[in-house]
Amino acid sequence: LERGQMPKLYTPAGSSQIVNVPFTMPELKHGAEYWLTLRFKLSNDTMWAEKGHEVAWSQFKMPFDVPAGPVLKVEDMPALQLKESAKEVMISGVDFNLIFDKEKAHIISFNHMGSKLIKSGPSLNVWRAPTDNDAAIIAVGMAVGWRKFGLDRIEHEIKSVEVDQISPQVVRIRVASNACAPHVAQGFDCRYTYTVYGSGDIIIDTDIVPSDKLPPLPRIGLQFCVPGDYNTFTWYGRGPHENYCDRKEGAPVGVYSGTVDDQYVPYIKPQENGNKTVVRWVALTDEKGIGLLAVGMPLLEVSAHHFTTEDLTRAKHTFELKRREAITLNLDYKQSGLGGASCGPGTLPKYLIKPEPAHFS
């Protein structure tokens with residue numbers, strides 16, 4: 001599409017009809033993305049639906065030459081105060097403070113202007129509550145292999161924690177650890193780099209090296225515990241319903257919002273649910289609009305629930321699930337496809353997560 005042109009929708013080969021789609025070139029905003037969504041609706045009433053009922057849609061990311069977004073200059077940010085003890089790292093800015101636990105190697109407090117944004121996290125998460133497809137015999141029980149290697153009971157051995165103030169406005173924390181289940185030799189070598197800026201932004205770079213003896217993994221990602229007040233869940237990605245890498249073509253890209261409770265899908269047997277793919281950013285906010293924003297570099301898979309992964313794994317029936325006040329937030333590099341092994345073939349190889357080195361931010 002050339003700038004200023006009107007796109008044309010071509011019908012299948014053999015047809016001569018061309019439909020002109022009315023289109024006005026938008027004024028391009030810095031750093032923005034643009035999508036063209038075509039919706040096909042009934043022009044007349046039918047026996048099965050009324051006029052205006054949508055029967056199909058298609059979506060295209062527009063190849064516009066969008067101006068780059070603004071860049072924050074580190075030297076213009078407020079300075080940070082760093083205090084370090086044998087057990088903790090305390091970082092304070094103008095309107096936020098963060099406490100990092102060296103023994104647990106994750107954040108145990110992150111406050112902004114008196115609002116507590118994180119209760120704990122992140123920690124590596126490679127487990128999902130098995131779906132009916134994961135447990136199906138025809139799939140040779142994917143979940144059986146996951147449990148054999150202890151992916152549901154990973155423990156973290158901290159190798160080192162290094163703290164540096166690399167400028168007045170930037171503090172960097174580097175963590176090296178090993179993650180595996182008790183009495184299981186195969187696991188994950190992990191490297192995390194937390195870069196804390198005077199603006200209050202934190203960039204988390206994660207490098208995971210799985211043992212090559214592991215089976216295809218359920219997921220690779222980071223998990224947080226967030227206060228329950230941040231119950232409004234807003235994301236820019238595919239939606240509004242749950243979607244996975246092999247179940248996403250019916251979910252258009254957009255900005256969606258609802259409660260965290262709305263994201264739960266009550267399958268008869270509790271299991272993994274509510275995932276969102278190709279997420280650019282996700283926000284958890286309270287009634288005042290205050291909260292936590294996570295931005296993929298470039299993309300994430302995301303889910304949030306008032307249940308832990310362990311809750312969903314243990315429960316055999318929906319009535320056994322007890323809603324927690326706190327929110328479990330998953331920011332994933334990837335999650336395995338679902339496949340169809342309950343009644344057909346298992347997950348296609350291209351939608352599996354091979355035990356290979358992964359980097360995500």
Side-chain angles (χ1 to χ4, degrees), residues 26 29 31-41 52-62 64 66 125 128-129 131-133 218-224 226 228-267 270-287 289-307 309 312 323 327-340 347 350-351 353 360-361:
K29 298 180 180 179
E33 291 185 321
Y34 292 87
W35 298 83
L36 175 65
T37 304
L38 304 179
R39 301 188 181 277
F40 302 83
K41 300 182 179 182
H53 175 75
E54 184 175 297
V55 295
W57 60 268
S58 192
Q59 189 177 61
F60 308 90
K61 186 177 180 181
M62 306 306 286
F64 295 153
V66 177
N125 182 33
R128 74 178 180 198
T131 67
D132 292 336
N133 292 344
R219 74 191 328 150
I220 299 177
L222 299 178
Q223 190 172 86
F224 298 77
V226 179
D229 291 342
Y230 305 114
N231 194 47
T232 299
F233 181 75
T234 307
W235 74 101
Y236 172 30
R238 287 189 178 270
H241 50 75
E242 67 170 4
N243 52 92
Y244 294 79
C245 61
D246 60 351
R247 295 285 197 286
K248 65 182 182 182
E249 294 305 314
V253 175
V255 176
Y256 302 97
S257 189
T259 66
V260 171
D261 297 279
D262 290 338
Q263 312 315 309
Y264 171 62
V265 183
Y267 291 108
Q271 55 194 275
E272 159 62 35
N273 70 92
N275 190 61
K276 313 296 188 296
T277 63
V278 296
V279 174
R280 276 72 170 167
W281 56 258
V282 59
L284 287 172
T285 52
D286 63 14
E287 294 178 349
I290 296 171
L292 183 71
L293 173 72
V295 181
M297 300 173 69
L299 299 173
L300 298 168
E301 294 193 34
V302 174
S303 61
H305 291 297
H306 282 284
F307 309 107
T309 307
L312 295 169
R323 183 186 186 276
I327 295 166
T328 297
L329 172 65
N330 293 300
L331 303 180
D332 289 333
Y333 165 64
K334 285 183 180 178
Q335 189 174 162
S336 175
L338 300 178
T347 306
K350 66 180 179 179
Y351 299 120
I353 303 176
F360 57 102
S361 303

Between K334 and I220, does a side-chain contact (heavy atoms from CB on, under 4.5 Å) hold up when you go through it step by step? CA-CA 6 Å; K334 285 183 180 178; I220 299 177; 5.6 Å; no

Can you check whether V265 reaches H241 side chain to side chain, under 4.5 Å on heavy atoms? no

Given V282, L284, V255, the one that forms side-chain contact (heavy atoms from CB on, under 4.5 Å) with W235: V282

If you count the non-hydrogen atoms of other residues, nucleotides and ligands that lie under 6.0 Å from CD in E287, is the total more than 12? no

Residues which pass ring-ring contact (aromatic ring centres under 6.0 Å, His included) with Y264, listed by chain and number, not counting sequence neighbours: F307

Tell me which pairs pass side-chain hydrogen bond (donor to acceptor under 3.5 Å, both in side chains) where either residue lies in residues 246-258, with sequence neighbours left out. T234-S257

Checking Q335 now: which residues fulfil side chain to side chain donor-acceptor pair (under 3.5 Å) with it, not counting sequence neighbours? R128, N275

Taking only residues two or more places apart in sequence or in another chain, which ones pass ring-ring contact (aromatic ring centres under 6.0 Å, His included) with Y230? none

Could I get the full list of side chain to side chain donor-acceptor pair (under 3.5 Å) partners for Y333, not counting sequence neighbours? none

Specify the closest pair of heavy atoms between G337 and T347, including all atoms of both residues, with the distance to one decimal. O-OG1, 3.4 Å

Which heavy atom of S336 sits nearest to which heavy atom of C245, and what is that distance? C-SG, 4.0 Å

Taking salt bridge (charged side-chain N to carboxylate O under 4.0 Å, His left out) as the test, write out the residues that go with D261, two or more places apart. R323

Would you say that F233 contacts D262 through its side chain, given a criterion of any heavy-atom pair below 4.5 Å between the two side chains? no

How close do P218 and I353 get, counting heavy atoms only, and between which atoms? O-CD1, 3.9 Å

Say whether, by atom type as modelled, one donor and one acceptor occur between the side chain of H306 and the main chain of G228 under 3.5 angstrom. no

I want to check something: taking the side chain as every heavy atom from C-beta on, are L312 and N273 in contact at a cut-off of under 4.5 Å? yes

With sequence neighbours left out, write down each residue that passes salt bridge (charged side-chain N to carboxylate O under 4.0 Å, His left out) with K350, or none if nothing qualifies. none

What is the distance from atom CZ of F40 to atom NE2 of H53, rounded to the nearest 0.5 Å? 14.0 Å

Report the residues that fulfil side chain to side chain donor-acceptor pair (under 3.5 Å) with T285, sequence neighbours left out, ordered by chain and then residue number. none

Hey, does L299 have a side-chain heavy atom less than 4.5 Å from the side chain of R280? yes

Contacts of T309 that satisfy side chain to side chain contact (heavy atoms under 4.5 Å, CB included) - sequence neighbours left out: N125, W127, Q223, T313

Do the side chain of D286 and the main chain of D229 share a donor and acceptor less than 3.5 angstrom apart? no

Treating Q271 as the side-chain partner and D132 as the backbone partner, does any N or O pair qualify as donor plus acceptor under 3.5 Å? yes

S58: side chain to side chain contact (heavy atoms under 4.5 Å, CB included) partners, not counting sequence neighbours: F60

Which heavy atom in G339 sits nearest to a heavy atom in N133, and how many Å separate them? O-ND2, 2.9 Å

Taken in chain and number order and not counting sequence neighbours, the residues that satisfy side chain to side chain donor-acceptor pair (under 3.5 Å) with Y267 are E242

Let's go through Q59 and L38 carefully: what are the C-alpha distance in whole Å and the side-chain angles of both, what is the deciding distance for side-chain contact (heavy atoms from CB on, under 4.5 Å) to 0.1 Å, and is it a yes or a no? CA-CA 6 Å; Q59 189 177 61; L38 304 179; over 6 Å; no

Test side chain to side chain donor-acceptor pair (under 3.5 Å) applied to S303 and N330, step by step: CA-CA 5 Å; S303 61; N330 293 300; 3.1 Å; yes

For L222 and D332, the nearest pair of non-hydrogen atoms, with its separation, is N-OD1, 4.2 Å

By salt bridge (charged side-chain N to carboxylate O under 4.0 Å, His left out) - contacts of E272 (at least two apart): R219

Which heavy-atom pair separates L292 from V226 by the least distance, and what is that distance? CD2-CG2, 4.4 Å

